[in-house]
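Everything on this sheet refers to the single structure shown next.
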Amino acid sequence: MFSFHPAARSVLLVAICLLMSTTATLADEAFEDPWRLDPIASPDFQSVDLVLDPGQREYTGSTRIEMTLHEDSDRFQLQAFEMDIDGVTIAGQAGQFELTVEEGEEALQTLIAPQVLPAGTYVLSIDFHNDYDIRATSLYKVTAEDEDYLFTQFEATDARGAFPCFDEPQYKIEWQIALTVPAGDIALSNTPVEETSTVDGMQRTLFMRTRPMPSYLIALAVGPFELVEVEGTSIPTRIVTPKGKAHMAAEAARNTPPVLAALEDYFGRPYPYRKLDLVAVPEFLPGAMENVGLITYRDTILLLDPENVTVAQKRTLSSVNAHEIAHQWYGNLVTMEWWDDLWLNESFATWMGHKITNEVFPEFNLKVTSVRGTEGAKDSDTSAATEAIRAPVMSNSVFESMDASITYMKGEAVLAMFENFVGEENFREGVRNYINKHEWGSATGGDLLDDLSESTGVDFHTAMGTFLDQPGVPDVSVTPLGDGKVELSQTRFSFIDQDLPQEQPWQIPVVLKYSDGKQVREHRTLLTGPSEIIELPDGANPEWIHPNSEEMGYYRWEVDPAQLMEMIAISVDEFSPRERVALVSQVSAQLRAGRINGGDYLAMSTALMQDPHPEVLNTALGNLGEVRQAFVTPELMPAFRSWVRQNVGPAVELYGLTPGEDEAEGVSLLRPSLIAWMGNWGEDPEVRLFARQVADSYLQDPDLVDASIAGACLRVAAIDGDWKLYNAYKKAFEAATVPAERSRYLAGLGRFAKPAMQDAALALALSGDLRPQELFTIPMGVGMHSWEQPDRMWTWFVANYDRIIELMPPQFKTYMPFFAGGCEEERLVAAREFFAIEEHQAPGQDRIMERVSEGVIECADLRRREGPTVEEFLLDQSSR
Ligand SMILES: [Zn+2]
């Protein structure tokens, strides 16, 4: 699954609408807990036959499960969630019996026979009927542009909401699906069609039997789809779009063949299944989901306006596509035995998604930008509430509140660090051996580490284990001792005033980059103890040392502040863009650790903002959002505004407000941030006027505007916008047929400054007319804009709580404490009281509350501690 993740505390609210969480029913010790199936019975094969009319509210189905009863028993379990079971029979050597159903906790159903059944094989048949879900979970209904569709999203535990099954990942069996749908609709599933027939005026499609797969990877789609054939792949491949959208599939059709080919090359074996369909889904909670042979995507990712596609859109499509297709081997062909190895799936797919995109489309510069994800993970991982990558999944609450930045981004960074250390080819050999050894079956993280150890000669269990099994970020300090000797030592990185437990030392692949005065060299070592003195091979006293070459190591590093300032001074000449992007975050981490003060931080940030690589400035702007949130009071706003103009203005001059011909991709990616910063916080009249002109043109005809600046301009134009503009956005939002246009107008609607328009936009958010993944876009926009009233969104949230709960997918409830995020301690007190009330609670919410509290307290402390130095710096700057 591709999950958007919360990057930093200043955007905590983002998590609400973007982070995909899953409902789960899990436990620590396999088979000894109340959430998991009793292993007395297991499935061998399952067929599912559903009658699905998207025009109706409910459906009927039957399923037939060939199963083994491992001991004599009169009862066994499977899972079915909130459906009506109409009849259950079992047939085997002892005859045929009706079973009764005893409903238990967590969708566990105990099926009870009238007598003890001897161990052996049986055929279980169940008839049932059920309502479609309408909030993008399990088997759900979507009405888009007056057409009805059905889609599924089963990971982790929602297959049981569509049909009864053994809904745990270790049960990899063959399946056969049959769907009976209205004539004229298209039915799709994981495999190609075996045969079609007509039943009572409807069309029945029997799909080919699958290869072994777990229930969470089953997918179904029904509706008036359009199909676009993709040329140049090893198996039949199609892009599947809702009615009237086929023309927006061109970019996906172009992107898929080279990505698929690069993955086949990496794994050294062809795509494992018989076909590949990529489906655009209008209502979808995660970014995308890797169902076997039928990958589903949020429509905004897959369907792009062929006339006006941006670099950012192409890059997202490519890395999400590579992530999901990589899962076809890694996760699907070989599946984790249990959810505590979810990192195996997601770290690997995230790493592969970036690696393959970077290989196939180097122009997207993902090697440089992906380090921002790693830096964000380091911030999350410094929280006292962080968890190890490989954490036991003990209950649904653990799963609900899983931190995607750890499971996805930290996991990716750790894989990349070790790959870099042992060499790409050795690492790949281990991965290939792992896939070949466990094909069609299940495996654990330990199995992968076995194969990597064998192919590389490095003990991965011990070395990588120190990163997988303990939380936190190592901090490596580097002290030159003279005569080519350098002392390295490690502790756990912490922000000031944190008292984090120190566990065992990490085994850190440290790669130093240094200059001996003649040339730049690298020195590699595995730092295994608390400290170690190494000797640089040439014995020279280096002119400078970068403690983390190419920032490939998952660690923070420490040098003294004067040395850090010197590193910034030589960064453009000596360091790579990737190292400079990470330097921006390193500086921010030093502020939070209390090693530099607010004034130093802004001075260093100002210096880094002069970097000629657009991605460095883009990263610096991202971090400044945190400065604004923590420090900028209404009184300080004029000084902050002038500082923004001084430092962002030159880049606007240099790159221009409109895209140039053949400009570098990085510049196109930076420009929207420049417009947003100058328009919002720089309050630059020229940029605001420009944004308004662009917004007017876009409203007239979106093709008149370069899509890369459209979103930023719509948001900036809204700040001074009147009712006429508001109503124009709303009308255009409702009429939009291109997914990105719809998103841009929606985001714009949340940015009007006048309170009455904000009220109207917030009412729209609760009108019931938005899609589940769109619910929080407007509140987020209003929250960012109404910075003079930091409690505004919290007040709105509390006042409208019942309506919000009614509209949003139930699994979002876990994340509601994010509404209390920010820097206000009083609000935190109110939030603690609010979420202490039993009916406001949800599984995993305590952990989210803990993270939010920590962020608020840290921000408030930072404000108290560094507010005066920041103020002094800004006032001094603006008086010049
Ligand atoms: Zn994934």
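One-based numbering, in listed order, for ligands and for the atoms of each. Residue numbers run from 1 in the order of the sequence given.
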(request) Applying side chain to side chain donor-acceptor pair (under 3.5 Å), name anything that partners T237, two or more places apart in sequence or on another chain. (result) T233
(request) State, to the nearest 10 degrees, the angle whose vertex is the Zn ion (ligand 1) and whose arms point to NE2 of H323 and NE2 of H327. (result) 100°
(message) How close do T300 and S743 get, counting heavy atoms only, and between which atoms?
(response) CG2-OG, 3.4 Å
(message) I'd like the atom name of the N/O/S atom in E346 lying closest to the Zn ion (ligand 1).
(response) OE1
(request) Could you tell me whether any N, O or S atom belonging to E290 is less than 2.8 Å from the Zn ion (ligand 1)? (result) no
(request) Identify which one of F154, F166, W339, W175 satisfies the ring-ring contact (aromatic ring centres under 6.0 Å, His included) criterion when paired with Y216. (result) W339
(request) Heavy atoms only: give me the nearest P272-W440 pair and the separation to one decimal. (result) O-CH2, 3.4 Å
